[in-house]
Amino acid sequence: MTVFRLALSELKRMTGGILPKLTIVALVMVPLLYGAVYLYANWDPYGNLDQLQAAVVVQDEGATTKDGEKLTVGQDVADTLVEGHKFDWHLVDTPQEAENGVRSGEFAFALTIPKDFSANLASPENFDSATQAMMSVTTNDANNYLLTSIVDKVATQVHDSVAQQVGEQTANSLLTGYGTIHAQLVKAADGAKQLAEGATTLDTGVGTLKTGSSDLLTGADSLVAGQTQLVTGAKQLQAGASKLDTGLGLLETQTSTLPDDTKALSDGAAAVAAGNAALNTKVQSAAGTAEKLDGAVTGAINDKLVQLVTDGVITPEQATKIGDTLKKDAASPSITELKGQLATDTKDIQKLADGSADVAAGASKLAAATPQLSGAISQAKTGASDLTTGAGTLADGQTTALDGATQLAAGAKKLDSGVADLKDGSSKLATGANDLATQLRSGAGSVPDPNDKEKQNAAGVIADPIRVDSVSQAQAANYGSGLAPFFLVLALWIGAFMLVQAMRPLTVRALASNAPSWKIALGGWLPFATVSCGQALLLYAVVKFGLGLEPSHPWLTLGLLLMASMAFTALIQGIVALLGTPGKFVVLILLVLQLVSSGGTFPWQTTPAPLHLMHQILPMGHVVEGMRHLIYGADLAPLLPIVLGLLGYMLLGLLLAWAAVSKKKTWTLKTLMPEIEA
């Protein structure tokens, strides 16, 4: 007996009448009832959200920005939601009405926009009063648990959209403020530059002032020294003036008779002058007489000698010698000295006469001037008295001036010290003003000054700084496509499990024959594999052509489904063949374990750690992974290990069936009367 004859024999037995045939048809359609129908119901739920009624309450009172722009963001959001038709939105008047609708199930959820929504969105313009805008979402898990997650996603999208829109407005205002700050900083930098220039000029002027204050201090010290000398001199002047007054008083007393004395002197001098003049006249006359006498004597001698020569008494030579002798005798002191003395006396008398005349004239002038001298001495006496008084006043004033000069010197010292401090301060001011101008200029360069295009671009980036550029290596077309790998594989396991409810794992007739155990085991599995492959073909056809699933690798997808069907049926048939009715319970447990560990909805890594081992050793999770790669168009490298794994499971199932055949070929009382009927 061949393996195929064993399989055909079992298939004929199962299709021997109408009811068995209907049973086979029903078994083939079992995966459809679970897999295809479930996928049909959940193929594109997000595309039908417009059938859900939702309430929106707009209480927003609007707001006005600093630029005078009217904001009605709340109403804009509501209009966008209604026009978007994502849900069947209904505008209601009050939050209470919306909450009642959610509670009663009339509305799936409600969105409430409060009255300060726009005002809070505009509040970031004023840093000290910035407030987050709030939206209130009301849900009720009694309406649907997953609806809350869907609503949260929608609320997040609304939040992101509004945040980006308002964020751009706020960022635009902020950038405009930066431009204003930049302009003001430039003006401030220009002002600081002028301040620096003024501070530098001030520092130079203060330097000059410092030099002047030092000179003033030196001059003030010199003034104090000079003023001290002036005080001393004034006191000395006062003492000298007092002595002068006393002396002039004595002089005035001593010269009180001077006019009379000078008058008498003048008169006497005049008389002396007159006598000297008369004497001079007589002496001049006597000198003339002596001159004449001397000439007459000489002439007489010459005449006598000439007569004697003429008379021949004497010779001319003798006359000459006698004349010379007589001249020598005439030059004797008797006449010559008399003439010389007379000439000298004449000159002296003439001088005396001239001097007497001058004295008489001077005495006359003195006599005339003496009354004036007395008046002058009297006036000088009065002036000296006044000088004494004035010198006293001057001494007092100079003392006061010395005090003032001392105070001036002290003030000049303070001024010089203050100007020195001022010079330090002006230097620091100049340095600080220059630093301020430099820093302001640098700061102005650091503050952005965007134009309208740059502001628009930067505002968009600030409002939405991160753009996620999603690169999907493999992507499901919709929600149903996302669930398809899990539910297709799950439906095949359930379909295989249902086969053992109506089909015998092993043929009793074959067990009673002499056929080898491996043939009986393989022949018992082939009917299961045949029907299961029929299940896979029908399921795949309905999902692909009925629901519209478009696998990236359609033939490989079908091939993997067929291989999974054969592996599942081999494993299930082997377990039930070996364990009998308890084996069905084991298969059910394996179904539950694979439901929670295969990662059909959430990644299997998110399940508790003990279930990770179940994912690794049981086949369903690996087949789900392979189906995802084939349907979504991902890398096909993981397929080879998955196929080898399915072949291993298939071999394991056949080994279990072979062990069951070997065990059941020996008939026992328990075989004839089992504890639990299959």
Checklist entry - Going through the distances and angles, do Trp658 and Leu654 end up as a side chain to side chain contact (heavy atoms under 4.5 Å, CB included)? => result CA-CA 6 Å; Trp658 172 77; Leu654 291 175; over 6 Å; no
Next on the checklist: Ring-plane angle category for Trp604 and His615, please: parallel below 30°, perpendicular beyond 60°, tilted otherwise.
Outcome noted: parallel
Checklist entry - Between Met650 and Leu646, is a side chain to side chain contact (heavy atoms under 4.5 Å, CB included) present by the stated rule, with each step listed? => result CA-CA 6 Å; Met650 190 184 305; Leu646 290 176; 5.8 Å; no
Is there a donor-acceptor pair under 3.5 Å between the side chain of [X] and the backbone N or O of [Y]?
X	Y	value
His553	Gly633	no
His90	Ala55	no
Ser118	Val73	yes
Ser598	Gln594	yes

Item to check | Residues that Lys544 engages under salt bridge (charged side-chain N to carboxylate O under 4.0 Å, His left out), provided they are two or more places apart | outcome: Glu550
To the nearest 0.5 Å, tell me how far [X] [atom1] sits from [Y] [atom2].
X	Y	atom1	atom2	value
Ser136	Phe117	OG	CZ	11.5 Å
Leu562	Met566	CG	CE	6.0 Å
Phe497	Ile575	CZ	CD1	11.0 Å
Leu639	Glu625	CG	CD	9.0 Å
Tyr649	Leu571	OH	CG	8.0 Å
Leu591	Met620	CG	CE	5.5 Å

Checklist entry - Between Trp89 and Phe109, is a ring-ring contact (aromatic ring centres under 6.0 Å, His included) present by the stated rule, with each step listed? => result CA-CA 10 Å; Trp89 291 99; Phe109 65 95; 5.4 Å; yes
Checklist entry - Taking Ile631 as the fixed residue, which of Pro554, Pro485, Ser552 is the one that meets the side-chain contact (heavy atoms from CB on, under 4.5 Å) rule? => result Pro485
Checklist entry - Leu111 pairs by side-chain contact (heavy atoms from CB on, under 4.5 Å) with which of Leu81, Val57, Thr138? => result Leu81
Beyond-backbone contact of [X] with [Y], side-chain heavy atoms, under 4.5 angstrom:
X	Y	result
Leu488	Leu561	yes
Phe528	Val500	yes
Leu590	Ile572	no

Where is the tightest heavy-atom contact between [X] and [Y], given as atom of each residue plus distance?
X	Y	answer
Phe486	Leu595	CZ-CD2, 3.8 Å
Asp60	Gln75	OD2-N, 4.5 Å
Pro638	His629	CG-CE1, 3.6 Å

Item to check | Candidate pair Asp116 and Glu61, rule side chain to side chain contact (heavy atoms under 4.5 Å, CB included), full reasoning | outcome: CA-CA 6 Å; Asp116 57 357; Glu61 296 177 350; over 6 Å; no
Item to check | Full working for side chain to side chain contact (heavy atoms under 4.5 Å, CB included) between Leu499 and Gln535 | outcome: CA-CA 11 Å; Leu499 291 180; Gln535 291 176 334; 3.9 Å; yes
